[in-house]
Amino acid sequence: MAAASLARAAARFAGEPSRAPAGSTRPRPWRVGTRAPESRRRRATGVRCCGGAGLFGDGALGRGEAEADEGGRFVGWFREAWPYIRGHRGSTFVVVISGEVVAGPHLDGILQDISLLHGLGIKFVLVPGTHVQIDKLLADRGKKANYGGRYRITDSDSLDAAMEAAGRIRLTIEAKLSPGPPMLDLRRHGVNGRWHEISDNVASGNFLGAKRRGVVGGIDYGFTGEVKKIDVSRIKERLDRDSIVVVSNMGYSSSGEVLNCNTYEVATACALAIEADKLICVVDGQIYDEHGRVNRFMSIEEADMLIRTRAKQSETAANYVKVVGEEDISYAHNFPIKEEKEQVWVGRDFVSDYTASFRNGVGFNNGNGLSGEQGFAIGGAERLSRSNGYLSELAAAAYVCHGGVQRVHIIDGTVGGSLLLELFTRDGAGTLIARDMYEGTRTAREEDFSGIRKILRPLEESGVLVQRTDKELLEALKSFIVVERDGSIIACAALFPFFEDKSGEVAAIAVSEECRGQGQGDKLLDYVEKKALSLGLEKIFLLTTRTADWFVRRGFKECSVESIPVKRRKRINLSRGSKYYIKRLQPAEIGHMAANNFALK
């Protein structure tokens, strides 16, 4: 049932931004894993929305009590999922489904969840993998699959197998998405002709333009194609008509040839060309840390560093380094640094100046190729053997993030409901790779004084913020965090820790007038919460006179003055009549990465 799937999805909700690592004071090593243990896959499937004594493991519960308990949980999960439902509505996701998942028993569940999410207003472009079926068809016909690096060498036999596999997969996906939700679950709400129209429209076609790869390094790749054009206008037209778009890896050349393109090259081209909100990679395994736990979050710079450490062992990693840049980028300043009782977070610059791009009719990077390649392909012996785990997918994710896609998710399609869990819960079910949501955010410096003063003064004059003298502001400067854009301070906030109470005061959150309404306040507050967690604080509080509603919507609850640390209470200006609000922090599961301890499972 759709409701049951959504209930499973909402089981661990708290908020996507909080997946950013912050709770650990010790860097943890990362490794690119393979398959989750069977017990882990079974555990992740969630609960069933049906009655029954002992459903949640308590044999003492009667049937009525169990149903009431389950009903309450479902209502709670559904309400908690509401921000995600609203937030994702209208977004466009490109989903690449690996050939192993397409050929396995888990495709039906993934497509069912995509249908559910489509019904909630998310637009989908699906790019299914075909290499497993192609290799099987060739083997059945007594032929051998040949690869040159990351690309298939497509002779006439391979082309026939590729066309047959792509056609079968497309028809299978269309058939699985067509029925819509079971009518049995809808009849109790009355017979209505509208129910019979609840099905997914699926659109496919010649959306992909390609050119022959030709002869590279003395290897003739035959009918292997490189992506040259994505028909963005036609894809968006069908998305706007409420269709799920399926883009095959079979491209069409200007001379009328059918060419076999690399699935991940097609997916990355689609994500960049249509400016997707997310790229989701559905694979048959996970990325784990050294404790066997799924790595929930990686920033683009963490992924970049990890990939660079494997450049000598992995062709994909080496190609990524050539594409993005050879610079030896230092990341030490991006990690929490412990100094006595405090830790100081320092902002960062960009990973590099490289920006991935795809131009229709020309290809990747204005047709200049990527270090001799046209797109970010994944394949060949390294991909098939998984000798470097899911490093290939990680490199593709980082590459797409360089092109402007804000979020890439790598999820295990063999885990039941993993797509819903990834999108509707705080910690997700897979690994999130994200462009740094804190770009330009850093600890304030003395030269920022005038910029901070300029932002605070109007709010102090209107009584929204407490007035500070220049001396007081200078003394508090080390506690301020700023957002800098093009050399100007556009937002600021302060965090004053009270270590004896494991709490911190949030103060002076302010955004310049011209930058309001762009989410800078939320970004600052999220950064402050991560910093507070890194300092070992368990809660944050604030005093406000006129902005209570904004903070209540972000999880703060009104409290009494007794909840404020005694040391801070003594300095409260009671004449302002401030209200007191507090928020308990939820520690993240994942710390930062130490690439030198990187290991493979």
Side-chain angles (χ1 to χ4, degrees), residues 13-15 17-18 22 76 79-80 82-83 86 426 441 444 452-469 472-473 475-483 490-513 515-533 535-587:
F13 166 84
S18 65
R79 287 172 175 168
E80 290 172 341
W82 170 68
R86 292 288 299 269
R426 180 191 70 175
T441 306
I452 296 174
R453 170 57 76 200
K454 181 180 179 181
I455 294 174
L456 295 182
R457 181 173 287 116
L459 297 173
E460 290 177 351
E461 292 175 349
S462 64
V464 174
L465 296 178
V466 64
Q467 291 196 356
R468 290 178 173 84
T469 65
E472 290 172 334
L473 183 57
E475 290 175 348
L477 207 58
K478 66 179 181 180
S479 298
F480 270 78
I481 298 158
V482 298
V483 179
I490 63 169
C492 67
L495 174 65
F496 301 101
F498 294 83
F499 292 104
E500 61 278 9
D501 293 283
K502 292 187 177 181
S503 64
E505 180 183 6
V506 179
I509 292 185
V511 180
S512 62
E513 291 185 9
C515 295
R516 290 174 188 166
Q518 301 175 10
Q520 294 294 339
D522 282 300
K523 182 169 75 170
L524 265 173
L525 179 59
D526 194 62
Y527 190 99
V528 166
E529 291 180 9
K530 302 301 178 292
K531 181 172 181 178
L533 280 168
L535 296 174
L537 307 183
E538 298 177 354
K539 55 191 175 183
I540 52 177
F541 66 91
L542 57 91
L543 285 68
T544 183
T545 56
R546 297 174 58 184
T547 57
D549 289 348
W550 191 88
F551 289 102
V552 168
R553 289 195 64 191
R554 285 147 182 86
F556 285 81
K557 297 183 182 297
E558 189 170 2
C559 64
S560 66
V561 71
E562 285 74 23
S563 300
I564 307 300
V566 175
K567 187 183 293 186
R568 179 65 179 93
R569 265 184 260 167
K570 295 177 179 178
R571 296 187 285 107
I572 294 176
N573 181 0
L574 298 177
S575 64
R576 278 181 58 82
S578 298
K579 301 288 187 179
Y580 313 113
Y581 289 83
I582 195 166
K583 179 178 182 179
R584 296 198 173 273
L585 302 175
Q586 297 183 350

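Across every non-hydrogen atom of Ala507 and Phe496, the tightest pair is CB-CE1, 3.9 Å. Counting all heavy atoms, side chain and backbone alike, Ala510 lies closest to Leu459 at CB-CD1, 3.5 Å. The nearest pair of heavy atoms linking Leu535 to Phe499 is O-CE2, 3.8 Å. A pairwise comparison of heavy atoms in Cys515 and Gln520 identifies O-CG, 4.1 Å as the closest pair. Closest non-hydrogen pair, Pro565 versus Asp501, comes out as CB-OD2, 3.3 Å. Taking both residues in full, the closest heavy atoms of Val511 and Arg516 are given as O-NE, 2.9 Å, listed atom of the first, atom of the second, then distance.
Note that NZ of Lys557 and OH of Tyr581 are 11.5 Å apart. Values are rounded to the nearest 0.5 Å. To the nearest 0.5 Å, the span separating CG on Leu525 from NZ on Lys523 amounts to 13.0 Å. To the nearest 0.5 Å, atoms OG (Ser503) and CD1 (Ile564) are separated by 8.0 Å. With rounding to the nearest 0.5 angstrom, the CG atom of Leu533 is 9.5 Å from the CD atom of Glu538. Within the model, atoms CZ of Arg457 and CG of Leu473 stand 10.0 Å from one another, a figure rounded to the nearest 0.5 Å. Summarising the geometry, atom CD belonging to Glu558 is positioned 10.5 Å from atom OG belonging to Ser563; distances are rounded to the nearest 0.5 Å.
A salt bridge links Glu460 with Arg453: the distance from a Lys NZ or Arg NE/NH1/NH2 to an Asp or Glu carboxylate oxygen falls below 4.0 Å. Comment: Lys530 engages Asp526 in a salt bridge, judged by a side-chain N to carboxylate O separation of less than 4.0 angstrom.
Using a 4.5 Å heavy-atom cutoff, the side chains of Val482 and Ile455 are not in contact. Between Pro497 and Leu537 there is a side-chain heavy-atom pair separated by less than 4.5 Å. When side chains are defined from C-beta on, Val528 does not count as touching Lys531, because their heavy atoms never get closer than 4.5 Å. Contact of the Ile572 side chain with the Arg568 side chain is registered, since non-hydrogen atoms from C-beta on lie closer than 4.5 Å. No side-chain heavy atom of Leu542 sits under 4.5 Å from any side-chain heavy atom of Ile509. The shortest side-chain heavy-atom distance between Leu543 and Arg576 does not fall under the 4.5 Å cut-off. Side-chain contact between Leu495 and Ser479 is absent, with no heavy atoms from C-beta onward closer than 4.5 Å.
No more than 12 heavy atoms of other residues, nucleotides or ligands lie within 6.0 Å of CD in Glu513, so this atom counts as exposed by the packing criterion. Atom CZ of Arg569 sits in a crowded spot, with more than 12 heavy atoms from other residues, nucleotides or ligands closer than 6.0 Å. Summarising the local packing, CG of Asn573 is surrounded by more than 12 heavy atoms from other residues, nucleotides or ligands at distances under 6.0 Å. Remark: Arg79 CZ is loosely packed, at most 12 non-hydrogen atoms of other residues, nucleotides or ligands lying under 6.0 Å away.
Between the side chain of Arg546 and the backbone N or O of Ser462, at least one donor-acceptor pair lies under 3.5 Å.
With a 6.0 Å cutoff to the six-membered ring centre and a 45° limit on the axis angle, Arg554 counts as a cation-pi contact of Trp550.
Ring centroids of Phe551 and Phe556 are separated by less than 6.0 Å, placing the two rings close together.
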